[in-house]
Amino acid sequence: MSSEVRFTDFKSDKQPTWCPGCGDFGTMNGMMKALAETGNDPDNTFVVAGIGCSGKIGTYMHSYALHGVHGRALPVGTGVKLANPDLEVMVAGGDGDGYSIGVGHFIHAVRRNVDMTYVVMDNRIYGLTKGQASPTSREDFETSTTPEGPKQPPVNPLALALSAGGSFIAQSFSTDAQRHTEIVQQAIEHDGFGFVNVFSPCVTFNDVDTYDYFRDSIVDLGDDEDHDPTDREAAKTKILDADKEYQGVLYQNEESVPYSDLHGLDSNMADIPDGAPEGAMDLVREFY
Amino acid sequence: MPDDLNWAIGGEAGDGIDSTGKIFAQALSRAGRHVFTSKDFASRIRGGYTAYKIRSSVDRVESVVDRLDILVALTERTIDENLDELHDDSVIIYDGERTEMENVEIPGDMVGLSVPLKRLAEEAGGAIMQNIVALGAACEVTNFPIANLDSALEKKFGDKGESIVENNKQAARKGQEYVAEEYDYEFRYDLDTTDDDYVLLNGDEAIGMGAIAAGCRFYAGYPITPATDVMEYLTGRIEQFGGEVVQAEDELSAINMALGAARAGARAMTATSGPGIDLMTETFGLVATSETPLVICDVMRSGPSTGMPTKQEQGDLNMTLYGGHGEIPRFVVAPTNISECFHKTVEAFNLAEKYQTPVFLLADLSLAVTEQTFEPETFDMDAVEIDRGKIVDEDEVESWTDERDRFQPHFSTADGISPRALPGTDGAAHMSTGLEHNALGRRTEDTEIRVEQVDKRNRKVETAEEQEDWDVREFGDSDSDNLVISWGSNEGAMREALDFLEEDGVDVRFLSVPYIFPRPDLSDEIEAADEVIVVECNETGQFANLLERDALTRLKRVNKYNGVRFKADELADEIKASLQTEEVQA
Ligand SMILES: Cc1ncc(C[n+]2csc(CCOP(=O)(O)OP(=O)(O)O)c2C)c(N)n1
Ligand code: SF4
């Protein structure tokens, strides 16, 4: 079946209600293309969406999906993937969802290295709640709740991921369709937790981190012949350089062993017998 | 009354009290005696008094009583802590060679047996075995065949190697011989043995075993007393059946991981206690509106806040029944004893999948920390039935799609239960969400669809109320005008209290209720009785409040909230006192 899958098969018949020009359109398109390119189809794909404008992606894509509680998408994805390793699991949400309310889960999901993909639609603003500061907002970015700016440094999600032992750390720009798709595709193909922070501009509430800003400042690692994504030290230097907005795979651990392999999980936990499993009586005998 | 022995070992937390007590409980069980254990403990790892108590008889024992016959006291404080329970025939075993125990005064007419536990242990191979020396001494005092202790030591230390086992057996013998040689008391304790084989387990273990039996394959949790034993039980065992235990970063994550696994089609569960259930509340509504089958176990301890982490309370009834914003269809099932922890867990998984709802398994600390003996047939694996509800396969998908071939996971059926297609099923890809949604699982704020979906979800509860047996467990004299009702672990103490009451000529009908919601309608029983008393371990009478509302009446209450479970003799006195008072205190 998979050979016939086209990326539009991942599109639901629900028209997105994102603002015209929202970066999330491009982010989603790239995800759908990458899923199709990697031989997946909607019936074996599970999308877990966060809460936010970005979280609406669960509705606009066609696949198995759950749109859950704000900030908890990664734990849900973890449960789905461990329970059924045959599913392609993709978790997507906003920067508030992932780096504020859900940041605890982010760090631990990175450490756990479950074989799934995490796409953060980073617009450096809270879109759905109409324009408050997000954890990736700039220090002096004025919003309704931070009239003089947050006056605290933005989180550096790539650095968080690297320090937590991330095995695949990448960044892309939603409007650079080809590169963004390639990068998400690599994240899907990665054996472990594939993390992609996607610059996904909010055209309504963020007049600083705009398309123009990113277009002007992005440094594409795809154009850098010297870039070796397996070099963790080099990745560290780039990631900690606050003046640059990189696009590409910053770091990939080629030796990454996903959680399921380490824990010997290979079967679909949904398959259980009609009664107590064979050998259950041994559990009782243990208590003699 | 059972001819019972009440034994305890007490000392500082970190002295190995628990494991020593468990070994003796095991030895008694091996000897075909029934055992019911309890723990007094502080939550600190070292420092602070702790004790492991065993009540044992050849007859079944269902409760603790206020009497202590033999006490192994590793510290002087242990004696002070138990003065109320000790009596003139009590025997206290202690190490008089320890400097801090040199001047111990043995109260009243009790017998104090000073046994050089440490010295004898060293002779047997190491001071670490001093508690085992005490167990040997206890065997002598109770005329209990030491072979049973040997067998318990083999079980405990078997995987550590032959020599460790032998050293421990040696240590036990030294204690036994020392008492035999140094003291020539006629001890009045004589422990009979039988040929019966029993299994010995606690409520958390029973829940874990029930989960595996029921096909649970995914468990996510965050350690917390007194629920940790569920997780520790499952770890290393569930994997043998193709499952996995994940230690999550917090309870917010744990419940969402379990939810994810359940969406993927696994039978999944999480377990926690008060502070953790607070965090999980966030996700209750999502579980319910996305119609995900999930078992959420709350092993209650004393609250609020961090409360008394190692103490008993049944304070979370309202929380599991009402917790979460909005209105959430759910079931709340509360096992009334340790074997029921097993059976109700199996039932919880079936209810969850049949009705695609969250099911709260509301256990309490007394169940979790008590080890009790059972005939192995109590846990009959052949009798376990699995009902997965309305799971549809590829061929059935078509009958549940709309005019545009879209699968409808929240289709409004007559019984409220919608078809469930597990991810991977061809042609049934669909979403669900915590937002109000239509039959497709897509967000809507359409007023009619909203009402339709709310009604549909609630209809599942109505269906369950009709289709399932929401039985009560009845004990005592069914014709009595005195009715006592309780829930959760109070059942054991109350069953034994019935014997005390009968001795005093007080007849009582006792209903033990394992279902909080839906629950059996007890209006007729309440109306038929002259006196109705509701027994529970909390201050406000959370269950009594529900029953009063059900029966539109006022009920008497016996509440305990000092952190200690009811004891059978104490409860009998409370019931008598309550029957004698005129007023119903509301
Ligand atoms: C527990 C909780 N707190 C607050 C909210 C309100 N809320 C919804 S989305 C959101 C933040 C959205 O920002 P982001 O994650 O960056 O997503 P975006 O809308 O920008 O795509 C907040 C605070 C909520 N839904 N749940
Ligand atoms: S508010 Fe911003 S993030 Fe939300 S849809 Fe509009 S442009 Fe996109």
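As the structure is a prediction and not an experimental result, all values here were calculated from the model. Labels below follow one simple rule: chain letters A, B, ... track the order of the sequence lines, proteins then strands, and each chain is numbered from 1. The analysis underlying the following values was restricted to heavy atoms, covering all of them including side chains, and did not include hydrogens, waters or symmetry mates.
Residue with the most contacts toward chain A among B:Gly242, B:Ala266, B:Pro409: B:Ala266 (heavy-atom pairs, distance under 4.5 Å). Highest contact tally toward chain B, considering only A:Gly104, A:Gly71, A:Pro277, A:Gly77, is held by A:Pro277 [criterion: heavy-atom pairs under 4.5 Å]. Listed options A:Ala73, A:Ala276, A:Ala280 were ranked by heavy-atom pairs under 4.5 angstrom with chain B; first place goes to A:Ala276. Options B:Gly265, B:Ala262, B:Gly285 differ in how many heavy-atom pairs under 4.5 Å they form with chain A, and the most are formed by B:Gly265. Highest contact tally toward chain A, considering only B:Gln26, B:Met431, B:Gln240, is held by B:Met431 [criterion: heavy-atom pairs under 4.5 Å]. Put simply, of B:Ser151, B:Ala254, B:Gly434, B:Ser432, the one with the most heavy-atom pairs under 4.5 Å next to chain A is B:Ser432. Counting heavy-atom pairs closer than 4.5 Å to chain B, the top residue among A:Glu286, A:His62, A:Lys56, A:Arg285 is A:Glu286. The residue among B:Arg217, B:His430, B:Glu385 with the most heavy atom pairs within less than 4.5 Å of chain A is B:His430. Highest contact tally toward chain B, considering only A:His263, A:His67, A:Met61, is held by A:His67 [criterion: heavy-atom pairs under 4.5 Å]. Interface summary for chain B: among A:Lys81, A:Met269, A:Met281, the most heavy-atom pairs under 4.5 angstrom belong to A:Met269. Top candidate by heavy-atom pairs under 4.5 Å with chain B, chosen from A:Gly58, A:Ala83, A:Gly279, A:Ala270, is A:Ala270. The most heavy-atom pairs under 4.5 Å with chain A, out of B:Gly427, B:Ala268, B:Ala258, come from B:Gly427.
A:Asn113 and A:Ser256 share a side-chain donor-acceptor pair at under 3.5 Å. Checked by atom type, the side-chain pair B:Asn256/B:Thr283 shows a donor-acceptor distance below 3.5 Å. A side-chain donor-acceptor contact under 3.5 Å links A:Ser134 and A:Asp95. Between the side chains of B:Arg442 and A:Thr59, not a single donor N or O lies within less than 3.5 Å of an accepting N or O. Defined by atom type and a distance below 3.5 Å, a donor-acceptor pair is present between the side-chain atoms of B:Asn350 and B:Arg267. Using modelled atom types, one finds a donor on one side chain and an acceptor on the other under 3.5 Å when comparing A:Ser200 with A:Thr27.
Contact annotation for A:Asp86: neither backbone nor side-chain heavy atoms come within less than 4.5 Å of a heavy atom of chain B. Proximity to chain A is limited to the backbone of B:Gln247, based on heavy atoms less than 4.5 angstrom apart. When heavy atoms are compared at a cutoff of 4.5 Å, A:Arg111 does not approach chain B at all. Looking at B:Glu371, neither its backbone nor its side chain comes within 4.5 Å of chain A, counting heavy atoms on both sides. Contacts of B:Tyr219 with chain A are absent, with no heavy-atom separation under 4.5 Å from either backbone or side chain. For a residue to count as touching a neighbouring chain, one of its non-hydrogen atoms must lie under 4.5 Å from one of that chain's; by this rule B:Ala214 touches chain A with the backbone only. For chain B, the nearby part of A:Leu265 is the side chain; its heavy atoms alone come within less than 4.5 Å. In this structure, chain A has a heavy atom under 4.5 Å from the side chain of B:Leu286, while its backbone stays farther away. In this structure, chain A has a heavy atom under 4.5 Å from the backbone of B:Tyr198, while its side chain stays farther away. When heavy atoms are compared at a cutoff of 4.5 Å, A:Asp13 approaches chain B by way of both its backbone and its side chain. For chain B, the nearby parts of A:Tyr288 are the backbone and the side chain; heavy atoms of each come within less than 4.5 Å. In this structure, the portion of A:Glu278 lying under 4.5 Å from any heavy atom of chain B is its backbone and not its side chain. Heavy atoms of A:Ser267 lying under 4.5 Å from chain B belong exclusively to its side chain. Interface residue A:Lys14: backbone and side-chain heavy atoms are both found under 4.5 Å from chain B. Using a 4.5 Å cut-off between heavy atoms, B:Leu422 touches chain A through backbone and side chain atoms alike. Both the backbone and the side chain of B:Ala421 come within less than 4.5 Å of a heavy atom in chain A. Residue A:Leu283 touches chain B through both its backbone and its side chain, counting heavy-atom pairs closer than 4.5 Å. With a threshold of 4.5 angstrom between heavy atoms, B:Asp382 does not approach chain A through any atom at all. Both the backbone and the side chain of B:Glu244 come within contact range of chain A, with heavy atoms under 4.5 Å apart. Looking at B:Ser253, both its backbone and its side chain come within 4.5 Å of chain A, counting heavy atoms on both sides. Residue contact with chain A, scored on non-hydrogen atoms closer than 4.5 Å, involves the backbone of B:Val245 exclusively.
Below 30°, between 30° and 60°, or above 60°: for A:Trp18 and A:Tyr60 the angle between ring planes is above 60°, a perpendicular geometry. Using cut-offs of 30° and 60° on the angle between ring planes, the pair A:Tyr99 and A:Phe195 is perpendicular. Between A:Phe106 and A:Phe193, the angle of the ring planes lies from 30° to 60°, which puts this pair in the tilted group. A parallel orientation is assigned to the rings of B:His410 and B:His437, their planes being inclined by less than 30° (bins at 30° and 60°).
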Next item on the list: Please lay out, stage by stage, how B:Val295 and B:Cys216 fare under the test side chain to side chain contact (heavy atoms under 4.5 Å, CB included).
Entry: CA-CA 9 Å; B:Val295 176; B:Cys216 174; over 6 Å; no
Margin query: Show, in sequence, the C-alpha distance, side-chain angles and deciding distance for A:Val103 and A:Val155, and conclude whether the side chain to side chain contact (heavy atoms under 4.5 Å, CB included) test is met.
Written below: CA-CA 10 Å; A:Val103 69; A:Val155 302; over 6 Å; no
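The local environment of CD in B:Glu398 is sparse, with at most 12 non-hydrogen atoms from other residues, nucleotides or ligands closer than 6.0 Å.
Within the 4.5 Å cutoff, side-chain heavy atoms of A:Met121 are placed close to those of A:Ile57.
For the pair B:Glu353 and B:Arg420, the salt-bridge criterion is met [side-chain N within less than 4.0 Å of a carboxylate O]. Between B:Arg237 and B:Glu205 there is no salt bridge, since no side-chain N of the basic residue sits under 4.0 Å from a carboxylate O of the acidic one.
Here CG of A:Asp282 is found 9.5 Å from CE of B:Met381. Values are rounded to the nearest 0.5 Å.
Between A:Phe46 and B:Arg263, the shortest heavy-atom contact is CZ-CB, 4.0 Å.
A side-chain hydrogen bond (donor to acceptor under 3.5 Å, both in side chains) with A:Asp97 is found for one member of A:His70, A:His105, A:Arg72 and no other, namely A:His70.
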